[in-house]
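Letters A, B, ... mirror the listed sequences (proteins, then strands); counts begin at 1. Only a predicted model underlies this, so the values are computations on that prediction, with no experimental measurement involved.
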Protein chains: 2
Amino acid sequence: MLKKTNRVSLVDQVVSQIEHLIESEKWPIGEKLPPEMELMEEFGVSRNTLREAIHALVHAGLLETKQGSGTIVRSSSALEAAFNRHIEKSNLIDTLEVRLALEREAAEMAAKHRTEEALAEIEVCMAQCQAAAKKDDIEEFVIADITFHKAIVKASNNQLLQDLYEYMTDPLYSSIHDIMIMDIPFDYDKEIHHELVRAIREQDVEGARKYVNEYIHAFKERL
Amino acid sequence: MLKKTNRVSLVDQVVSQIEHLIESEKWPIGEKLPPEMELMEEFGVSRNTLREAIHALVHAGLLETKQGSGTIVRSSSALEAAFNRHIEKSNLIDTLEVRLALEREAAEMAAKHRTEEALAEIEVCMAQCQAAAKKDDIEEFVIADITFHKAIVKASNNQLLQDLYEYMTDPLYSSIHDIMIMDIPFDYDKEIHHELVRAIREQDVEGARKYVNEYIHAFKERL
DNA sequence: AATATCCCAATCATCCTACAAATTTGGAGT
DNA sequence: ACTCCAAATTTGTAGGATGATTGGGATATT
């Protein structure tokens, strides 16, 4: 007969409760937490226990404390924070390559599993890309282009893929921006997006793969 | 004039020092840490401060404490621990799909960037797969097969890709095992590996892509 | 002598109080 | 209305006390 060793420390219980409050957005990002005294009463633990829990989450990247001011919610995902730290120490080229690998997989899966709602969202993003290109607004185009690709990843209907893609994209924004404005072939890119959207709309997996491979090839050329 | 806000809390300083000791393997995995009293003196901080630091690392997955026994080093990578927790909450199919995406990218990159050393390692792993297949030892074959794929990822020469692949493979071991033994077509798989190794040896990117796509297709069929 | 049981020391878990340092807030004085 | 300073608020650090758990050594039993 096994003992279940169900013993869970108070600190871990408090950590779990706070994590849950953050994930469920009862404490949204940017929100200031109640002071330690109130939290002690709310969770029914001592100051030490509470502080150990809060510090665990600070180190995980979910919270941020400032002496004299308070504690605020910084991120809702521990993985995101750990990812950011790891990426900082990684080679930029390596990171971009992995991101493109995710993008390639996402395009195929989007073509396979897309819903009407996801397709509509992709088409909206494509229109915004074209509008920005027409205005020759480079900054806006870069943002719209990134949003477009995120929409495709979302259409893959794979939550983990979507999470990883966003965690890898956001900290790379400035790098992606720099690479994209090296030479933006506006008309060309617009066509690529159009063909890709067509392939996803018609659930043409082969076509999606083909055009994403072209896009990735062009992107890698600039590295 | 900016204040540099150089203020770093004692807890964070202790956390950094311990992290460094673990990463540099001065405290290898499995090692038992000195008791809290000694660490207090060594780092020159109070009990509270030290405990908050240790708990931050416990929550990050680097350490593990057992009341009455002591504290041991559990892992050397915070990302790995965060990944494990995230994967536990993710859909199994989603996770396997992302893993296959990484595998696909790795095969192409291995064909492109392989070194002689990496190729030699891959060939050793392939031989072990074949030996296990010849002995009809299923368990050994699964392990050898996973090692083989890890060797290919390593040959991609992309450290981030390698890290992510291992973080996603290890916690999935039992699932991968179950899927693989559903129907192991020993001879068929052996040939696939042979062709893939040939493509990598001859730096035939197209060939590598083709055979990995076949392998992935077969794998996904079984899901 | 071998084995099982019990007890104790070591260690972590939790709680408490006190004070220090940083920030915010509000009021006194101009 | 503005400036400056003091008090209140809030987190940071320290040290002590007690409870809970583990592991091993001492003791007792066969």
Side-chain angles (χ1 to χ4, degrees), chain A residues 1-19 21-22 27 29-75 81, chain B residues 1-19 21-22 27 29-75 81:
Chain A
M1 177 163 73
L2 322 178
K3 277 199 295 183
K4 293 223 271 178
T5 64
N6 252 350
R7 175 84 177 148
V8 179
S9 75
L10 276 183
V11 173
D12 287 339
Q13 291 179 43
V14 174
V15 165
S16 297
Q17 288 185 65
I18 296 179
E19 269 180 333
L21 284 168
I22 294 174
W27 288 352
I29 291 179
E31 179 96 347
K32 192 161 148 187
L33 270 61
E36 291 177 346
M37 292 297 291
E38 284 182 34
L39 292 177
M40 284 167 58
E41 289 180 12
E42 185 166 339
F43 291 122
V45 298
S46 76
R47 182 145 180 249
N48 259 345
T49 304
L50 177 75
R51 283 178 57 77
E52 284 180 23
I54 286 182
H55 257 92
L57 292 170
V58 168
H59 184 256
L62 271 70
L63 297 178
E64 184 174 354
T65 58
K66 262 200 304 188
Q67 187 177 169
S69 174
T71 304
I72 63 171
V73 179
R74 189 181 181 181
S75 166
Chain B
M1 177 164 73
L2 321 178
K3 278 198 294 183
K4 292 219 275 178
T5 65
N6 252 349
R7 177 83 177 146
V8 179
S9 75
L10 276 183
V11 173
D12 287 338
Q13 291 179 43
V14 174
V15 165
S16 297
Q17 288 185 65
I18 296 179
E19 268 180 332
L21 284 168
I22 294 174
W27 288 351
I29 292 180
E31 179 95 346
K32 191 162 149 187
L33 270 62
E36 289 178 348
M37 292 298 290
E38 285 182 33
L39 292 176
M40 284 168 57
E41 290 180 13
E42 185 166 340
F43 291 121
V45 297
S46 77
R47 179 113 192 280
N48 267 341
T49 304
L50 179 76
R51 282 179 57 77
E52 285 179 20
I54 287 185
H55 254 92
L57 292 170
V58 167
H59 185 255
L62 294 181
L63 297 179
E64 183 174 356
T65 58
K66 261 201 305 188
Q67 189 175 169
S69 173
T71 305
I72 63 170
V73 179
R74 188 182 181 181
S75 166

Seminar exercise, completed: Whole-Å distance, A:His59 NE2 to D:dG12 P, equals 15 Å
Problem set entry | B:Lys66 NZ - D:dT22 C1' separation (whole Å) | 8 Å
Exercise. Can you find a donor-acceptor pair, distance only, under 3.5 Å between B:Arg47 side chain and D:dT13 base?
Worked result: no
For this session: Tell me, with the steps shown, if B:Arg51 and A:Glu52 meet side chain to side chain contact (heavy atoms under 4.5 Å, CB included).
Result: CA-CA 7 Å; B:Arg51 282 179 57 77; A:Glu52 284 180 23; 3.1 Å; yes
Exercise. Where the side chain of B:Asn48 is concerned, which of C:dT14, D:dG12, C:dC15 is the nearest nucleotide?
Worked result: C:dC15
Problem set entry | Below 4.0 Å: OP1/OP2 of C:dA13 and any side-chain N or O of B:Thr65 | yes
For this session: Round to the nearest Å and state the distance from B:Asp12 atom CG to D:dT11 atom C1'.
Result: 13 Å
For this session: Could you tell me the separation between the CD atom of B:Glu52 and the P atom of C:dT14, rounded to a whole number of Å?
Result: 13 Å
Problem set entry | Interatomic distance where CG belongs to A:Leu63 and P belongs to D:dT11 [whole Å] | 11 Å
Seminar exercise, completed: Of all heavy-atom pairs linking A:Phe43 and A:Ile18, the shortest is CZ-CG1, 3.8 Å
Exercise. Does any donor-acceptor pair link the side chain of B:Gln67 with the base of D:dG19 at a separation under 3.5 Å?
Worked result: yes
Problem set entry | Whole-Å distance separating the CZ atom of A:Arg51 from the C1' atom of C:dC19 | 13 Å
For this session: Provide the closest heavy-atom pair for A:His59 versus B:Val15 in the form atom of the first, atom of the second, distance.
Result: NE2-CG1, 3.2 Å
Exercise. In terms of heavy-atom contacts, does CD of A:Glu31 have more than 12 from other residues, nucleotides or ligands at under 6.0 Å?
Worked result: yes
Problem set entry | Nearest-angstrom distance from the residue atom CD of B:Gln13 to P of D:dG12 | 13 Å
Exercise. At under 4.0 Å, does any side-chain N or O of B:Ser69 touch on OP1 or OP2 of C:dA10?
Worked result: no
For this session: Examine D:dA14: is either OP1 or OP2 under 4.0 Å from a nitrogen or oxygen in the side chain of B:Ser46? Give yes or no.
Result: yes
For this session: Calculate the interatomic distance between A:Met37 atom CE and D:dT9 atom C1'; express it in whole Å.
Result: 11 Å
Problem set entry | Distance test, side-chain N/O of B:Thr71 to OP1/OP2 of C:dT11, below 4.0 Å | no
Exercise. For B:Gln17, does the CD atom sit with more than 12 other heavy atoms under 6.0 Å from it, leaving out its own atoms?
Worked result: yes
